[in-house]
Amino acid sequence: MRKLIEPGMYPSAGSSPVGKAVTHDSAAMQVSGQAQYVDDIPTVPGTLHLVLGLAEQADAEIVSVDLTAVRQSPGVVDVITLNDVPGHKDIGPVFPGDPLFADGRTLYVGQALFAVAATSEAAARRALASARVEYRAGNPVLDPVQAWQQGLLVRPSHVMQRGDASAALEQAEVVVQGQLDIGGQEHFYLETQATLAIPQEDGSLHLYSSTQHPSEVQKLVAEVVGLPLNQVAVEVRRLGGGFGGKETQAAAPACMAALVAVRTGRPVKIRLNRRDDMRLTGKRHPFVGQFRLGADQSGRISALEMELIGNCGCSPDLSDAIVDRAMFHADNCYYLAHARVSGHRAFTHTASNTAYRGFGGPQGMLAIEAAVDDLARRLQLDPYIVRMNNLYDTDQRNRTHYGQELEQFPVAEMMAKLAEDCQYHQRYQAARAFNADVGNGPLRRGIALTPVKFGISFTAQHLNQAGALVHIYTDGSIQVNHGGIEMGQGLYIKMAQVAADAFDLPLECIRVTATRTDKVPNTSPTAASSGADMNGMAVHDACTTLLGRLRAFAASEFGVDASAISFESGQVIVGQQRFGFAEFVQKAYFARISLSATGYYRTPLIHYDRARAEGRPFFYFAHGVSCSEVEVDIETGEYRLCQVDILHDVGRSLNPAIDLGQIEGGFVQGLGWLTTEELVWDEQARLRTDMPATYKIPTIGDIPVAFTTRLLERADNPANTIHRSKAVGEPPFMLAISAWCALRDALADLAPGNAIPLSAPATPEAVWKAARTLQAMAVQAQGAAK
Amino acid sequence: MLDFVLNGQAMQVPFPEPNQSILNWLRTDLGLMGSKEGCATGDCGACTVVIGDIQKDGQVRYQAVNGCITLANTLQGRHLLTVEGVGSKDTLHPCQQVMVDHHGTQCGYCTPGFVMSLFAGHCNGLDAQAMSAALGGNLCRCTGYTTIRDAATELAAKPCVMPFDPAEVQGALQQVKADSAANASASPAFVIPRTIEQAVTAINRYPDYKLVAGGTDLLVEMNVFHRRYPGFIWLGGIEGMQQIEENAEVVRFGAGVTFNQLMQWSASQSAPLHALLDRVAANQVRNQGTLGGNIVNASPVGDMPPVLLALDASIELTSAEGVRQMPLSDFFLGYRQTALQQGELLTAVIVPRAALARPLFIHKISKRWEDDIASTLLVLSAKVADAGRLTDIHIGLGGMAAIPCRATHTEQWLQQADVLAISSDELLTELGRDVQPMSDARASAQYRAGVTATLLKRGLKQLCSEVQKGGLSHA
Ligand SMILES: Cc1cc2nc3c(=O)[nH]c(=O)nc-3n(C[C@H](O)[C@H](O)[C@H](O)COP(=O)(O)OP(=O)(O)OC[C@H]3O[C@@H](n4cnc5c(N)ncnc54)[C@H](O)[C@@H]3O)c2cc1C
Ligand code: FES
Ligand code: FES
């Protein structure tokens with residue numbers, strides 16, 4: 001540059017934007033339809049559209065695949081199967097097991113058999129119809145418990161234990177024993193999987209992919225097409241929702257598109273339609289939890305034995321870590337003096353289940369909450385009291401069953417506070433009175449207040465690292481780049497806030513640009529709620545480096561002490577002198593100071609010895625409590641959520657508006673998982689709920705108007721995170737457990753003293769069945785009494 | 001050429017390919033990427049656009065519809081408003097601004113659809129509660145809806161502003177109407193009859209063209225199974241089929257009457273029917289889906305047939321040979337099979353006043369409260385004799401058999417019974433003689449049968465004693 005832009009004076013920043021309820025950076029673009037997603041990127045003429053041929057049978061031998069007519073169909077340019085893959089044919093993210101296309105035998109209904117590239121999506125779909133595939137039927141396995149018992153596992157089982165649970169159970173005054181079926185969950189990100197692959201002049205590839213893990217897409221694409229990593233760039237501006245569903249599941253479509261792009265030299269777009277997406281991609285793991293919980297007559301727990309059987313589907317994918325996380329959360333907030341928690345990874349002939357918000361944590365937590373609820377019912381105690389009575393503290397009862405010590409545990413106070421704020425105790429009694437009143441006919445009320453403790457960090461240690469790249473331009477504007485993915489959770493605005501705060505500049509001076517593997521390399525997935533924590537620290541690190549350089553320059557240029565230099569309200573103060581930020585940056589530029597820096601962060605302190613199942617896998621914990629009240633029609637099983645109150649711990653919030661959005665959105669997604677979202681497979685292993693017509697996520701009418709969410713006041717994070725904030729992506733999901741427990745509470749008066757036979761999801765039908773079972777038990781008990 | 005108004009601008013463009021939906025056409029032919037595809041089956045609302053129709057009085061009436069299940073050629077002579085026409089990021093319309101101000105966007109993929117639903121609600125003057133209710137067909141996976149509801153509430157208190165010149169649009173639409181009346185230029189593959197006679201002629205002339213009304217069943221099928229047709233005969237232009245006419249003996253519903261029209265009518269006529277219609281699909285689909293389509297589609301889980309069966313409805317079928325009437329109960333022959341013959345059009349549904357005068361009980365069970373298909377639907381219509389006895393008992397069932405049907409055996413059995421003393425177990429047995437439900441993804445056979453018996457008992461009791469208790473109100 002010969003001549004620089006006239007340095008304008010930025011308006012003074014006032015106070016730091018950190019902690020302010022700043023609007024999502026894309027909001028105005030989103031409401032006007034201008035925000036671009038992969039499918040919206042303008043394509044050049046000649047771009048090909050890829051659609052997939054999916055298997056119609058599970059565990060079937062593929063006798064023959066005749067694609068002649070497909071190839072001859074008008075508009076078709078290329079057709080690929082596994083045989084056309086020049087490089088790696090298996091794209092398993094950690095362990096093998098995920099062939100890009102079916103390999104001789106189908107694993108599940110919906111597995112990709114082949115892909116058709118045509119000049120339009122319509123042409124490709126038309127061609128699909130003429131494929132002839134002949135199968136020899138197999139014997140699909142669908143029941144995870146049966147699979148486990150037969151040793152059909154995708155990964156070995158694992159045990160976490162402390163003390164002697166079985167001995168303690170022998171001695172316990174009360175033992176409740178039960179089995180809980182926990183349903184899976186379709187991610188139902190509104191934007192389906194999509195990639196646009198564009199071959200470059202030198203044979204390299206540029207991909208726009210809707211993925212939470214661009215570096216892994218880069219790696220897998222490179223392996224599949226046989227290119228070094230530096231020849232593949234992946235770019236992601238935003239996702240239309242991810243929730244874990246685009247952590248590994250984005251890779252297959254991306255690899256297919258990349259392969260056809262290489263073969264044809266033309267840009268290739270793949271965008272799954274909803275049904276294909278629901279059939280092809282993995283979901284939240286259904287689990288079966290079997291437990292024995294021992295306690296004394298007061299409800300104080302002494303021991304837990306739990307088998308957690310995760311239905312992993314047809315391959316390992318991330319199931320090792322997911323089942324581990326379920327096991328890590330089998331304590332939720334309760335101190336277990338003696339515990340033996342076993343995790344099993346069952347194989348079934350369904351799509352390979354994968355990451356989904358909470359990553360197994362919700363399933364482990366639901367299992368223990370069911371057990372605690374059963375215990376309370378047995379003892380005919382208010383479950384709140386049993387929960388309260390068993391919480392961890394930071395004193396004696398402060399070590400988890402995997403040996404991590406709790407430095408901070410505000411849950412008892414949070415439960416008490418929320419109970420008071422939302423009048424839990426009065427409403428609990430009112431529900432009892434309501435249920436005793438015959439005038440209310442078939443209606444029953446239930447209420448529950450449940451806690452959440454959720455561990456923050458990837459349990460795969462090496463993933464706990466992040467990078468950033470920050471440029472200062474000569475007009476004083478700043479561009480921030482980092483390895484995290486914006487999927488609606490407000491990561492970009494939080495990163496802009498961090499950078500603006502570091503320089504004390506207004507937010508408008510900061511622009512966060514699309515995440516690209518050629519800007520910040522070797523990134524971790526944006527997952528495990530870690531996005532803001534890790535990338536925030538990396539951005540902060542880059543800013544610190546730049547500030548250091550500018551300070552050093554100021555000190556030497558103006559001969560002042562470093563302590564006399566500060567960056568305040570858009571200005572640089574150097575001893576007695578003040579410069580506009582841009583003006584000062586220009587001086588630095590002319591003095592040949594580098595105005596671009598990378599930042600890096602690795603989470604400290606964490607360690608975990610899996611062989612001994614002991615260590616500190618989590619940097620810290622996030623906490624929340626919620627209270628839900630429901631009304632149930634026991635004759636039909638229909639119900640209505642009447643009121644929700646939430647108190648959640650986000651540490652020192654980076655952005656309360658964004659955090660509240662995560663909390664409420666997480667709750668409602670969890671509510672869907674536990675109520676109306678039911679995955680149904682038939683005996684031939686076909687998913688019958690593969691469209692939104694049959695798979696029902698919550699609508700606006702499911703959400704009560706009486707919905708109050710508060711952030712924990714004076715909250716803090718004992719761990720040194722970015723501005724002492726806490727991760728907020730996943731933990732609130734589990735707040736919805738209170739709604740599920742409230743449904744159980746509504747049924748509790750039907751047969752006092754009995755566990756509520758209600759699994760998840762609690763569809764109206766499931767509630768109806770549970771009510772009938774309880775009513776039959778009550779009749780039986782009456783008969784016995786006579 | 002397709003003559004229409006796009007975002008306030010009169011346009012003449014080549015006819016869209018007849019099978020193309022508005023959404024697909026916007027995105028692939030017009031390059032307008034604001035409207036999103038989340039499902040292509042009418043369930044998510046990400047594709048919501050607003051269509052304006054000029055009324056007899058010259059006013060333009062705006063309605064939200066799902067672009068993914070509306071054929072593009074239906075835009076002939078209409079005003080299409082997409083998110084791009086509502087406001088850009090630097091000139092946001094109030095319905096966009098409230099979404100920004102209340103943090104109603106996260107990933108943003110659902111957002112354009114919400115904006116369009118809000119816009120339609122806003123220019124139709126909905127209050128805060130109605131505005132939220134009109135969002136039942138817009139799914140958001142991120143926000144949990146609380147912020148969007150706040151946005152809707154604030155919007156409802158604001159005056160409506162049009163992001164275009166209403167007079168200009170009105171003029172343009174009137175012009176197109178006059179032009180097309182003059183030279184009736186429509187796409188040869190997309191026939192838009194204006195009268196029943198024209199429709200009947202078209203059916204005979206183009207026997208391989210598909211009849212389409214609201215398209216809310218047909219396009220779902222086309223999109224999911226990639227079905228294509230050589231051409232269409234769209235019934236949406238026949239005003240004569242969109243009327244509800246009443247006299248002392250009967251109410252005559254045109255087959256083209258939409259769910260939302262029915263809802264308006266039922267508001268003052270039948271509270272149970274109104275409550276049911278509130279749970280038929282969601283606003284966008286209710287704006288398009290027709291009574292005729294619901295019947296001809298002959299789905300065992302359609303909501304209107306069980307009601308109409310319980311109300312002794314008959315239907316009117318029109319062809320070149322003339323008009324024939326039959327009881328609706330004769331129309332459903334088997335799973336998705338009807339008595340409709342090639343060349344025939346369902347033109348009206350006729351309900352006797354006497355049947356409408358009978359007390360009515362309706363209960364729909366579905367997994368999700370809003371916008372869900374019935375697992376089972378029970379309709380009971382009967383006369384209350386003295387001493388808590390019922391006569392003239394009509395039971396309509398949905399989701400219980402391969403066709404919507406009446407429980408004729410149970411009806412007879414009940415004539416003899418003391419309805420207040422019957423147990424639901426007895427009803428279960430008797431209903432079992434009428435129907436044997438199936439298990440599927442929505443519900444098990446056991447639940448369907450059990451809950452229907454319970455509901456029948458509840459209905460009998462309610463009609464007898466006029467007790468309005470029991471059941472949840474979801475408001
Ligand atoms: C998201 C969604 C939710 C839904 N929810 C519900 C629900 O809750 N309850 C419910 O009952 N339905 C529901 N439906 C189904 C659908 O909306 C209704 O069945 C509707 O009434 C169909 O009417 P239509 O005018 O759109 O039919 P179209 O799709 O236009 O036509 C359906 C069939 O009927 C034929 N046809 C239409 N009109 C005539 C006529 N006058 N004469 C002869 N043949 C004709 C067509 O050729 C076609 O074969 C839902 C649909 C969607 C997409
Ligand atoms: S795309 Fe989902 S309703 Fe149209
Ligand atoms: S904001 Fe993501 S679906 Fe609504």
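Reminder, nothing fancy here: chain letters follow the sequence lines and each chain counts from 1. Just so it is clear, the model here is predicted, and its values are computed rather than measured.
Most heavy-atom pairs under 4.5 Å with chain B: of the set A/Q489, A/R271, A/R126, A/Q662, this distinction falls to A/R271. In terms of heavy-atom pairs under 4.5 Å with chain B, the best-connected choice from A/N273, A/D682, A/L190, A/D276 is A/L190. Of the residues considered (A/E678, A/R688, A/M691), A/E678 shows the highest number of contacts with chain B, using heavy-atom pairs under 4.5 Å. The greatest number of non-hydrogen atom pairs below 4.5 Å with chain B, out of A/H24, A/Q669, A/M278, is found for A/Q669. For the set B/T143, B/D371, B/D440, B/L455, the count of heavy-atom pairs under 4.5 angstrom toward chain A peaks at B/T143. In terms of non-hydrogen atom pairs under 4.5 Å with chain B, the most contact-rich of A/F188, A/Y695, A/W768, A/F707 is A/W768. When B/T146, B/V451, B/N223 are compared by the number of non-hydrogen pairs under 4.5 Å with chain A, B/T146 comes out ahead. Among B/M99, B/E84, B/E37, the residue making the largest number of heavy-atom pairs under 4.5 Å with chain A is B/E37. Here B/A441 is the residue among B/S375, B/G34, B/A441 with the most heavy-atom pairs under 4.5 Å with chain A. When A/A129, A/A35, A/P764 are compared by the number of non-hydrogen pairs under 4.5 Å with chain B, A/P764 comes out ahead. Between chain A and the residues B/V220, B/T147, B/I365, the most heavy-atom pairs under 4.5 angstrom are made by B/I365.
Of the possible donor and acceptor atoms, none in the side chain of A/E664 sits under 3.5 Å from a partner among the backbone N and O of B/G144. Checking side-chain atoms of B/R141 against main-chain N and O of A/H187 turns up a donor-acceptor pair under 3.5 Å. Judged by distance alone, the side chain of B/Y145 and the main-chain N or O of A/P698 form a donor-acceptor pair under 3.5 Å. With hydrogens and angles ignored, the 3.5 Å screen pairs a side-chain donor or acceptor of B/R149 with a backbone N or O of A/I703. At distances below 3.5 Å, at least one donor-acceptor pair connects side-chain atoms of A/R274 with backbone N or O atoms of B/G38. Proximity of a side-chain donor or acceptor of B/Q106 to a complementary backbone N or O of A/G661 within less than 3.5 Å is detected.
Of the atoms belonging to A/D39, heavy atoms from both backbone and side chain fall under 4.5 Å from chain B. Heavy-atom distances place no part of B/F119 under 4.5 Å from chain A, backbone and side chain included. Neither the backbone nor the side chain of A/V644 comes within contact range of chain B; no heavy atoms are under 4.5 Å apart. Contacts between B/R227 and chain A at a heavy-atom distance below 4.5 Å are absent for every atom of the residue. With a 4.5 angstrom heavy-atom cutoff, A/P704 touches chain B only via backbone atoms. The parts of B/K367 that come within reach of chain A are both its backbone and its side chain, each placing non-hydrogen atoms under 4.5 angstrom from that chain. Heavy atoms of A/T23 lying under 4.5 Å from chain B belong to its backbone as well as its side chain. Within the 4.5 angstrom heavy-atom criterion, atoms from both the backbone and the side chain of A/V31 approach chain B. At a 4.5 Å heavy-atom cutoff, the contact between B/L135 and chain A is made by backbone and side-chain atoms alike. Using a 4.5 Å cut-off between heavy atoms, B/A443 touches chain A through backbone and side chain atoms alike. For chain A, the nearby parts of B/Q446 are the backbone and the side chain; heavy atoms of each come within less than 4.5 Å.
Taken from OG1 in B/T41 to CZ in A/R275, the straight-line distance is 10.5 Å, to the nearest 0.5 Å. Put simply, OG1 on A/T675 and CH2 on B/W369 are 14.0 Å apart, with the number rounded to the nearest 0.5 Å. Here the straight-line distance linking atom CD of A/E677 with atom CZ of B/R368 works out to 9.0 Å at 0.5 Å rounding. Taking CZ of B/R442 as the start and OG1 of A/T694 as the end, the distance is 6.0 Å to the nearest 0.5 Å.
Between the side chains of A/Q30 and B/T105, at least one donor N or O sits under 3.5 Å from an acceptor N or O. With 3.5 Å as the limit, one finds no donor-acceptor pair spanning the side chains of A/Q34 and B/S88. For the residue pair B/H363/A/E638, the side-chain donor-acceptor check at 3.5 Å is satisfied.
B/N138 places none of its side-chain heavy atoms less than 4.5 Å from the side chain of A/I700. Taking the side chain as every heavy atom from C-beta outward, B/R458 and A/D633 approach each other to under 4.5 Å. Looking at heavy atoms from C-beta onward, A/D40 lies in side-chain contact with B/R27 at the 4.5 angstrom threshold. Residues B/D43 and A/K696 meet the side-chain proximity criterion, which asks for heavy atoms closer than 4.5 Å.
Remark: A/R710 CZ is loosely packed, at most 12 non-hydrogen atoms of other residues, nucleotides or ligands lying under 6.0 Å away. Heavy atoms from other residues, nucleotides or ligands lying under 6.0 Å from NZ of B/K89 number 12 at most.
Contact record, B/C142 with A/F243: SG-CZ, 3.6 Å, taken as the closest heavy-atom pair. Here the shortest heavy-atom pairing between B/G87 and A/S32 reads O-CB, 3.2 Å. Of all heavy-atom pairs spanning A/G33 and B/P112, the tightest one is CA-CG, 4.3 Å.
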Pair A/E765-B/S444, side chain to side chain donor-acceptor pair (under 3.5 Å): steps then yes or no: CA-CA 8 Å; A/E765 174 167 353; B/S444 72; 2.5 Å; yes
